[in-house]
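Note that the structure is predicted; figures quoted are calculated from it, not measured. When a ligand or atom number is given, it counts from 1 through the structure's own listing order.
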Amino acid sequence: MLIDLRELLSGSSQDLNKTVKLEASVFDNGVVSYDITNKEEFTVVITKLGSSKISIKANTSVTLDIPCDRCLTMVSTPIDITIDEIVDFADGASEEETQLEKDYIDGYNLDADKLLFSELLVSMPGKTLCKDDCKGLCLICGNNLNIKECGCDREVLDPRMSVFKDILNEFKEV
Ligand SMILES: [Zn+2]
Ligand SMILES: [Zn+2]
């Protein structure tokens with residue numbers, strides 16, 4: 001959803017409150033793509049700080065389906081998002097920055113989806129596990145080891161173990 005900022009910038013009012021809802025149903029940053037399973041309406045509070053300077057504030061929560069790092073089972077992950085940004089339309093020095101980093105500003109429009117996504121990216125958990133002691137997938141057959149033990153000999157695939165075995169074998173040969 002686009003919020004037109006021209007009226008706020010040129011008019012006499014100091015605040016613009018807009019209730020928006022994320023339009024996208026998938027969070028896709030080109031590297032990962034996660035389904036958005038829950039999103040709430042939230043209010044974007046835009047305050048004029050000067051003739052061309054605004055502050056943008058909002059709080060919301062988005063729930064994403066993120067696969068477990070070990071077994072790839074989808075984990076419903078609520079992410080709290082706090083937006084607190086300042087955009088200066090006049091400052092020539094920050095124009096490049098505005099274009100590079102603030103891709104949610106398009107001319108004098110604020111793209112609420114892009115704003116939320118840019119913040120979502122930095123609020124994303126570094127690690128996602130379905131449970132702390134997730135056993136992960138078998139590297140040989142792909143079986144989910146949380147559900148059952150497949151009986152594969154996985155030790156041979158661990159390079160650290162094979163080095164260790166080589167050393168043991170050398171000792172045996174001597
Ligand atoms: Zn897992
Ligand atoms: Zn297996």
With rounding to 10 degrees, what does the angle Cys141:SG / the Zn ion (ligand 2) / Cys152:SG come to? 110°

Trace of the side chain to side chain contact (heavy atoms under 4.5 Å, CB included) decision for Val87 with Lys102: CA-CA 8 Å; Val87 178; Lys102 300 187 170 163; 4.1 Å; yes

Checking side-chain polar atoms at under 3.5 Å, does Thr82 have a donor or acceptor matched by the opposite partner on Asn59? yes

Please examine the side chains of Ile54 and Leu8, heavy atoms only from C-beta on, and report whether any two atoms are closer than 4.5 Å. yes

Angle subtended at the Zn ion (ligand 2) by Cys138 SG and Cys150 SG, rounded to 10 degrees: 110°

How wide is the angle at the Zn ion (ligand 1) between SG of Cys134 and SG of Cys130, to the nearest 10°? 110°

SG (Cys68) to the Zn ion (ligand 1) to SG (Cys71), nearest 10°, is 110°

Could you check whether Asp15 and Thr47, counting side-chain N and O atoms only, form a donor-acceptor pair closer than 3.5 Å? yes

